[in-house]
Amino acid sequence: MRREPLYRVRFAYPESYGVTLEGDRGSEAHYWFLAEGTVEGRIEGRMRAGNHPRARVDGCALPRVEGAYTTTDGATVMFEMRGYARPYPAERRQIVVSVRHTAEDERFRWLNDVIAVGTGEIRPREAGAGGPRKVHGHAVDFVIDVAELVWEPGAP
């Protein structure tokens with residue numbers, strides 16, 4: 001198999017809600033975030049989604065993102081991401097996700113049977129960029145590069 005780049009998605013969370021459950025063995029948190037951003041690459045446009053992650057006791061978050069890309073030329077591509085937002089390194093947490101897409105527009109229908117993977121990070125927001133979402137008191141942006149996993153025949 002090989003990876004073929006598809007797009008980069010950048011987003012922030014303008015709204016967030018959460019609860020934390022405390023127990024004898026630590027705590028875990030459940031959240032719901034509204035995600036808004038942009039997508040650039042083979043898909044170009046706006047991103048809007050909801051993320052309902054669970055934060056484990058070890059600090060690893062399990063994102064469950066479902067949303068849509070609205071392309072600059074009017075198509076809608078639905079997507080879902082599942083994976084890990086690792087708690088390290090502290091200044092740029094790692095993101096690793098699987099991604100599936102659904103599209104009815106003929107130009108993007110090929111995505112319907114693509115398995116994609118994404119890697120990225122939670123980055124400190126650049127100076128002057130507004131936005132309410134903060135992690136440990138710091139404004140952040142999420143950046144994920146998504147690539148198609150392309151089937152290739154195995155060795156004989």
Colleague: Give, for atom CZ of Arg54 and atom SG of Cys60, the distance between the pair rounded to the nearest 0.5 Å.
Modeller: 9.0 Å

Colleague: Check Ala12 against Asp141 and note the closest heavy-atom contact, atom names and distance.
Modeller: CB-OD1, 3.8 Å

Colleague: Determine, using the 4.5 Å side-chain heavy-atom cutoff (strictly less than), whether Val114 and Val39 are members of one ILVMFWY cluster.
Modeller: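 The answer is yes; both residues are in one hydrophobic cluster.
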
Colleague: Which value, rounded to the nearest 0.5 Å, describes the distance between His101 atom NE2 and Asp113 atom CG?
Modeller: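 Those atoms lie 12.0 Å apart.
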
Colleague: Which atom names give the shortest non-hydrogen contact between Asp58 and Pro87, and what distance separates them?
Modeller: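 What the structure gives for the nearest pair is O-CG, 3.9 Å.
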
Colleague: Counting only N and O atoms by type, is there a donor-acceptor contact under 3.5 Å from the side chain of Arg48 to the main-chain atoms of Glu36?
Modeller: no

Colleague: Does the side chain of Glu4 come within less than 4.5 Å of Val150's, by heavy atoms?
Modeller: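 They are in side-chain contact.
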
Colleague: Minimum heavy-atom separation for Leu6 and Ala116, please, with both atom names.
Modeller: CD1-CB, 4.1 Å

Colleague: Just how far is it from atom CZ of Arg92 to atom CZ of Arg123, taken to the nearest 0.5 Å?
Modeller: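 Between Arg92 CZ and Arg123 CZ, I get 5.0 Å after rounding to 0.5 Å.
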
Colleague: Which pair of non-hydrogen atoms, one from Gly118 and one from Val99, has the smallest distance, and what is that distance?
Modeller: N-CG2, 4.4 Å

Colleague: What are the two closest non-hydrogen atoms of Leu34 and Trp32, and how far apart are they?
Modeller: N-CZ3, 3.6 Å

Colleague: Does one hydrophobic cluster hold both Tyr84 and Tyr88, with members joined at side-chain heavy-atom distances below 4.5 Å?
Modeller: no

Colleague: Arg100 pairs by side chain to side chain contact (heavy atoms under 4.5 Å, CB included) with which of Glu66, Met81, Glu80?
Modeller: Glu80

Colleague: NE2 of His52 to CG of Leu62: how many Å apart, nearest 0.5 Å?
Modeller: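 These two atoms lie 11.0 Å from each other.
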
Colleague: Show the numbers, then the answer: is there a side-chain contact (heavy atoms from CB on, under 4.5 Å) between Phe11 and Met47?
Modeller: CA-CA 8 Å; Phe11 60 94; Met47 176 266 213; 3.6 Å; yes

Colleague: Could you walk me through whether Ile43 and Leu111 satisfy the side-chain contact (heavy atoms from CB on, under 4.5 Å) test, starting with their C-alpha distance in whole Å, then the side-chain angles of each, then the deciding distance to 0.1 Å, before giving a yes or no?
Modeller: CA-CA 10 Å; Ile43 301 173; Leu111 286 166; 3.6 Å; yes

Colleague: Between Phe79 and Tyr69, is the ring centroid distance below 6.0 Å?
Modeller: yes

Colleague: Any donor-acceptor pair under 3.5 Å linking the side-chain atoms of Glu15 with those of Tyr17?
Modeller: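 Short answer, yes.
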
Colleague: According to the interplanar angle, ranging from 0 to 90°, do the rings of Phe33 and Tyr31 count as parallel (below 30°), tilted (30 to 60°) or perpendicular (above 60°)?
Modeller: parallel

Colleague: Is any side-chain heavy atom of Leu21 closer than 4.5 Å to a side-chain heavy atom of His30?
Modeller: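 When only atoms from C-beta onward are counted, His30 and Leu21 do touch, with a gap below 4.5 Å.
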
Colleague: Counting heavy atoms not belonging to Arg82, are there more than 12 under 6.0 Å from its CZ?
Modeller: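 It does: Arg82 CZ has more than 12 such atoms within range.
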
Colleague: Let me confirm one number: the OG1-CZ distance from Thr71 to Phe108, rounded to the nearest 0.5 Å.
Modeller: 4.5 Å

Colleague: Glu148 and Trp110: which non-hydrogen atoms are nearest, and at how many Å?
Modeller: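 Looking at all heavy atoms of both residues, the shortest contact is OE1-CZ3, 4.1 Å.
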
Colleague: For Arg8, is there any backbone N or O sitting under 3.5 Å from a side-chain donor or acceptor partner on Asp145?
Modeller: no

Colleague: Quick check against the 3.5 Å criterion: does Arg93 have a side-chain atom that pairs as donor or acceptor with the backbone of Ala85?
Modeller: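 Checked: pair present.
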
Colleague: Should Arg109 and Glu104 count as an ion pair when the cut-off is N to O under 4.0 Å?
Modeller: no

Colleague: Show your working on side-chain contact (heavy atoms from CB on, under 4.5 Å) between Ile144 and Val97 and close with a plain yes or no.
Modeller: CA-CA 9 Å; Ile144 302 173; Val97 292; 4.3 Å; yes

Colleague: Set out, in order, the CA-CA distance, both residues' side-chain angles and the distance that settles salt bridge (Lys or Arg N to Asp or Glu O under 4.0 Å) for Arg2 and Glu152, then state yes or no.
Modeller: CA-CA 7 Å; Arg2 71 178 192 283; Glu152 291 183 329; 3.0 Å; yes

Colleague: Do Asn112 side-chain atoms and Ala103 backbone N/O form a donor-acceptor pair below 3.5 Å?
Modeller: yes

Colleague: Give the C-alpha distance, both sets of side-chain angles, the deciding distance and a yes or no for side-chain contact (heavy atoms from CB on, under 4.5 Å) between Val117 and Leu149.
Modeller: CA-CA 7 Å; Val117 293; Leu149 284 181; 3.8 Å; yes

